[in-house]
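For the numbers below, each heavy atom of this structure counts, side chains included, while hydrogens, waters and symmetry mates do not. When a ligand or atom number is given, it counts from 1 through the structure's own listing order. Predicted, not measured: the structure shown is a model, and the values here were computed from it.
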Amino acid sequence: MKTTAFISAAFATAVCAQNATTFINPAVPTGQPIPGNYSGGLRPQVHFSPPQFFMNDPNGMFVDANGTYHLYYQYNPTGLGAGNQHWGHATSRDLYHWENQQIALFPPEESVFVFSGSAVVDVNNTSGFFPDQTNGVVAIFTLARYYPNAAGPQTQNIAYSHDGGYTFQLYDDNPVIDSTSIHFRDPKVIWYEDHWVAVIAYSQEFAVGIFTSPDLKDWTFASNFSYHGLLGTQYECPNLVKLPVRDSEGAVTSEAYVMTLSVQPGAPLGGSITEYFPGDFNGTHFIPFDSATRLTDFGKDNYAAQYFYGVPDGEDAISIGWASNWQYTQQVPTGNLEGWRSAMTAPRANYLQKADRIGLTMMNKLVDPAPVLDEPLETTSFGNSSLSLDFSDVASNALYIEANVTGINTTLVTGSTTLNLTFTSPASGESLRSGFFFGGDTPFWIDRGLVRGFDNIFFTDKFSAANVYDGGDGTLASWRMQALFDRSICEWFLDGGVQAATVLFYPTQPLTTLSLGSQALPPGATVNVAIWSLKSAWAPYANEQGTVVGNVSSSGEGAAGSRRDMIYEGSFSS
Ligand SMILES: *[C@@H]1O[C@H](CO)[C@@H](O)[C@H](O)[C@H]1NC(C)=O
Ligand SMILES: *[C@@H]1O[C@H](CO)[C@@H](O)[C@H](O)[C@H]1NC(C)=O
Ligand SMILES: *[C@@H]1O[C@H](CO)[C@@H](O)[C@H](O)[C@H]1NC(C)=O
Ligand SMILES: *[C@@H]1O[C@H](CO)[C@@H](O)[C@H](O)[C@H]1NC(C)=O
Ligand SMILES: *[C@@H]1O[C@H](CO)[C@@H](O)[C@H](O)[C@H]1NC(C)=O
Ligand SMILES: *[C@@H]1O[C@H](CO)[C@@H](O)[C@H](O)[C@H]1NC(C)=O
Ligand SMILES: *[C@@H]1O[C@H](CO)[C@@H](O)[C@H](O)[C@H]1NC(C)=O
Ligand SMILES: *[C@@H]1O[C@H](CO)[C@@H](O)[C@H](O)[C@H]1NC(C)=O
Ligand SMILES: *[C@@H]1O[C@H](CO)[C@@H](O)[C@H](O)[C@H]1NC(C)=O
Ligand SMILES: *[C@@H]1O[C@H](CO)[C@@H](O)[C@H](O)[C@H]1NC(C)=O
Ligand SMILES: *[C@@H]1O[C@H](CO)[C@@H](O)[C@H](O)[C@H]1NC(C)=O
Ligand SMILES: *[C@@H]1O[C@H](CO)[C@@H](O)[C@H](O)[C@H]1NC(C)=O
């Protein structure tokens with residue numbers, strides 16, 4: 001969670017704190033979710049985005065014993081830019097259909113914001129908060145204080161939930177980790193054998209503090225992981241996660257830890273980026289296996305990803321990132337046009353696999369989009385050829401595309417051996433292009449520069465990744481691409497997630513035709529293509545007025561009605 005933007009952020013109206021432990025800005029609804037209109041032309045249909053207003057980092061992600069995934073998020077429920085940070089909340093059974101829930105965490109005081117953090121299920125009542133239950137949830141997060149013209153200290157605090165994560169009580173003896181630093185934030189907690197472990201960023205000192213606790217209340221400093229990888233100007237949102245290591249057949253052979261760090265600003269492409277380090281963790285110290293810096297995404301719009309707590313040991317971890325970049329997130333046109341800003345990435349299954357020469361690579365495998373797949377629009381195979389598809393009648397304006405190229409004799413690949421995927425608007429001529437050069441350094445490229453709905457100097461328009469595909473040694477190689485196209489966000493996954501890119505684009509007219517073509521493939525090579533239209537994950541939940549109201553069955557305080565009216569009538573400011 002970034003700090004600098006908030007120093008000038010002030011509440012529009014002065015309000016007295018009614019209660020030392022729960023300050024609620026009267027413009028913010030309690031007890032019921034904020035309603036959303038998910039029909040705008042830029043609104044993703046199979047990705048999570050907030051009902052209205054501004055969202056950033058994913059927070060508190062956990063999966064409960066019933067298999068419900070809980071996603072919290074940095075949320076400004078009163079504006080279209082960062083500020084007034086709360087924890088929004090949504091739940092899902094399948095990671096594609098999300099139900100908006102009431103806001104879960106509110107600032108405890110007017111001059112304090114609830115920044116990023118995590119949540120765990122305290123099955124053993126280690127905290128003592130949960131006498132008669134095994135599904136108690138504890139959230140651990142940063143509270144950031146603000147003075148009129150300066151940032152105050154950032155401390156680590158906890159809140160507990162008796163109802164499975166829908167509503168929380170602040171712990172009486174907060175903070176649980178005190179600090180005078182204005183840059184100490186984003187605790188992510190996991191369980192290690194017999195104790196809790198938190199990783200917390202000393203953001204501007206380029207260190208991740210590792211702390212341990214028996215009960216989530218008393219924390220002991222254990223070690224620092226300092227000065228690793230790209231520094232940028234600060235470290236944020238660390239994660240420590242245990243991942244299975246799989247062999248090339250997919251069998252689990254061992255396990256290892258990964259430390260992730262989000263760096264902002266200062267990414268190689270500008271702004272925000274996430275890097276990771278595979279290594280060993282022994283309960284107090286994390287030691288990376290090598291000194292390399294690895295990035296989770298070769299696009300520019302995937303930051304601060306978090307891993308769900310509660311995924312069973314030995315299974316792939318599941319992560320979701322914030323699909324944006326601080327360089328332009330507060331300017332993107334969805335704010336003025338549709339009253340919301342930022343989406344989350346699609347869910348990714350993560351495991352480690354050994355890549356030739358490179359060592360352990362964290363795979364970013366798209367979680368099976370089956371829950372949102374419609375009928376296939378196209379399944380075909382060809383050599384050197386192309387197909388084009390008019391999908392203007394697909395109501396969601398969202399597609400899932402697979403292209404597998406098999407039987408590639410790599411000795412016969414030339415500089416013109418290519419496969420391209422392009423989305424176009426016949427109305428405006430705009431296009432979002434991508435493609436693969438099979439020869440040379442085998443770069444995969446993406447170009448959003450021919451989409452014209454957003455003009456910003458930092459909205460870098462071209463991306464590429466060195467994608468070393470399998471083959472050589474006299475065997476025929478194969479190469480695989482998946483793309484999840486969703487109105488204003490597209491994600492590409494290469495070779496099942498060896499490389500992944502998250503790319504925002506803002507067309508002035510919807511992109512409604514697709515072309516996919518190859519040329520100069522070696523004899524015997526085949527392109528196997530399948531294209532599905534996607535069902536909107538939001539449309540089924542809209543009422544007759546087109547409003548997605550979310551879970552209004554909540555047993556809230558009843559103040560929601562009038563506050564919701566204020567939200568609709570209040571003016572946006574960004
Ligand atoms: C403050 O709010 C909490 C949570 O709603 C409540 O339990 C407590 O009684 C309130 N305290 C006061 C002094 O109103
Ligand atoms: C929802 O948004 C669409 C597109 O921006 C707009 O046409 C429609 O009127 C909105 N619906 C409501 C209920 O505001
Ligand atoms: C699972 O669902 C059951 C029945 O709805 C409920 O009683 C229980 O509290 C839920 N468990 C969790 C962990 O939310
Ligand atoms: C809960 O207790 C069991 C039995 O002692 C232990 O194996 C497990 O690691 C504990 N888990 C957590 C999250 O406390
Ligand atoms: C949970 O912890 C509280 C406080 O220590 C204790 O009173 C209660 O008995 C515990 N319950 C269980 C089931 O361990
Ligand atoms: C850990 O790093 C923090 C931030 O740089 C520093 O204040 C602290 O002294 C370090 N602790 C140790 C034991 O090095
Ligand atoms: C963990 O690793 C650190 C650093 O190598 C070492 O000092 C410490 O003793 C280890 N702890 C355990 C429990 O092995
Ligand atoms: C690839 O092409 C070369 C040159 O034609 C040929 O010698 C080789 O046998 C081919 N490899 C395979 C696996 O077919
Ligand atoms: C793919 O695009 C590249 C870059 O514009 C171009 O060089 C290549 O010929 C294209 N290939 C196909 C099959 O359209
Ligand atoms: C593709 O075209 C090239 C000539 O450009 C030809 O040599 C090759 O056999 C063709 N590949 C396939 C798979 O048909
Ligand atoms: C592409 O390959 C994957 C992995 O082998 C397979 O699951 C998928 O069905 C293939 N898709 C097509 C269109 O052939
Ligand atoms: C709706 O919210 C309540 C808490 O207010 C929760 O108990 C319930 O499980 C939620 N229902 C759904 C379908 O999310």
Side-chain angles (χ1 to χ4, degrees), residues 191-197 199 207-214 220-226 228 240 242 246 248-251 256-257 259 277 279-289 316 349 351 353 363-370 373-383 385 387 389 399-414 417 419 421 436 438-439 467 469-485 492-500 514 516-518 520-534:
W191 177 253
Y192 182 87
E193 292 182 2
D194 59 358
H195 62 271
W196 300 103
V197 174
V199 287
V208 177
I210 299 177
F211 293 74
T212 60
S213 172
T220 306
F221 173 85
S223 67
N224 275 333
F225 178 71
S226 306
H228 287 275
L240 186 60
K242 187 161 74 174
R246 295 180 180 278
S248 55
E249 257 67 72
Y257 279 81
M259 177 80 81
F277 309 89
D280 271 329
F281 180 64
N282 71 358
T284 55
H285 291 69
F286 176 79
I287 313 280
F289 292 138
D316 295 346
Y351 60 94
Q353 200 163 47
M363 300 288 286
N364 279 291
K365 183 177 156 186
L366 177 68
V367 170
D368 188 353
L373 293 187
D374 217 332
E375 292 305 303
L377 287 179
E378 180 81 74
T379 51
T380 184
S381 294
F382 51 75
S385 187
L387 68 84
L389 187 69
L399 299 178
Y400 171 59
I401 298 123
E402 286 186 354
N404 295 355
V405 187
T406 54
I408 309 164
N409 184 329
T410 52
T411 60
L412 300 176
V413 162
T414 71
T417 306
L419 180 146
L421 170 66
F436 189 51
F438 288 74
N467 181 215
Y469 58 99
D470 285 341
D473 305 334
T475 60
L476 297 175
S478 59
W479 179 80
R480 223 183 130 199
M481 176 183 75
Q482 296 158 274
L484 189 68
F485 172 93
W492 282 262
F493 299 85
L494 307 181
D495 284 333
V498 177
Q499 301 264 11
L514 165 159
L516 194 157
S518 59
L521 286 177
T526 307
V527 184
N528 301 291
V529 180
I531 301 172
W532 286 262
S533 57
L534 299 180

Which residue holds the protein heavy atom closest to [atom], what is that atom called, and what is the gap in Å?
{"atom": "atom 1 (C) of ligand 7", "value": "Asn282 ND2, 1.4 Å"}
{"atom": "atom 12 (C) of ligand 11", "value": "Asn404 ND2, 3.3 Å"}
{"atom": "atom 11 (N) of ligand 11", "value": "Glu402 OE1, 2.7 Å"}
{"atom": "atom 7 (O) of ligand 11", "value": "Arg480 NH2, 4.4 Å"}
{"atom": "atom 5 (O) of ligand 7", "value": "Ile287 CD1, 4.5 Å"}

_Contacting atoms of ligand 8, where contact means under 4.0 angstrom from a heavy atom of Thr411_ =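 With Thr411 as reference, the close atoms of ligand 8 come out as 1 (C), 2 (O), 3 (C).
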*Which of the atoms of ligand 8 are close to Leu476, meaning less than 4.0 Å from one of its heavy atoms?*
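Here the atoms of ligand 8 in question are 12 (C), 13 (C), 14 (O).
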With a 4.5 Å heavy-atom cut-off, do [X] and [Y] have their side chains touching?
{"X": "Thr410", "Y": "Phe438", "value": "no"}
{"X": "Leu240", "Y": "Tyr192", "value": "no"}
{"X": "Gln499", "Y": "Trp492", "value": "no"}
{"X": "Ile210", "Y": "Asn224", "value": "no"}
{"X": "Asn282", "Y": "Ile287", "value": "no"}

*Atoms in ligand 7 flagged as close to Thr284, the criterion being non-hydrogen separation under 4.0 Å*: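 What qualifies from ligand 7 is 1 (C).
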*Checking side-chain contact (heavy atoms from CB on, under 4.5 Å) for the pair Leu521/Phe382: CA distance, chi angles, key distance, verdict?*
CA-CA 10 Å; Leu521 286 177; Phe382 51 75; over 6 Å; no
*If you count the atoms of ligand 11 from 1 in the order shown, which ones are under 4.0 Å from a heavy atom of Ala530?*
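Ligand 11 atoms under the 4.0 Å threshold to Ala530: 13 (C).
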_Asn528: numbered ligand 11 atoms lying under 4.0 Å from its heavy atoms_ =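 Heavy-atom distances to Asn528 below 4.0 Å select 13 (C), 14 (O).
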*Please confirm whether Thr475 comes within less than 3.5 Å of ligand 8 when only nitrogen or oxygen atoms on both sides are compared.*
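Checking ligand 8 against Thr475, no N or O pair falls under 3.5 Å apart.
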*Which is closest to atom 4 (C) of ligand 8 by heavy-atom distance: Leu412, Thr410, Ile408?*
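Considering heavy atoms of Leu412, Thr410, Ile408, the nearest to atom 4 (C) of ligand 8 sits in Leu412.
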*When the ring centroid of Phe277 is compared with that of Phe286, is the distance short of 6.0 Å?*
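When the ring centroids of Phe277 and Phe286 are compared, they turn out to be at least 6.0 Å apart.
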*Would you verify that at least one protein heavy atom lies under 4.0 Å from atom 9 (O) of ligand 7, or report that none does?*
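Looking at atom 9 (O) of ligand 7, one finds that no protein heavy atom lies closer than 4.0 Å.
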*For Trp479, which of Asn404, Thr406, Leu494 qualifies under side-chain contact (heavy atoms from CB on, under 4.5 Å)?*
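Considering Asn404, Thr406, Leu494, a side-chain contact (heavy atoms from CB on, under 4.5 Å) with Trp479 is found only for Leu494.
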_side-chain contact (heavy atoms from CB on, under 4.5 Å) between Leu387 and Leu514, intermediate numbers included_ = CA-CA 8 Å; Leu387 68 84; Leu514 165 159; 3.8 Å; yes
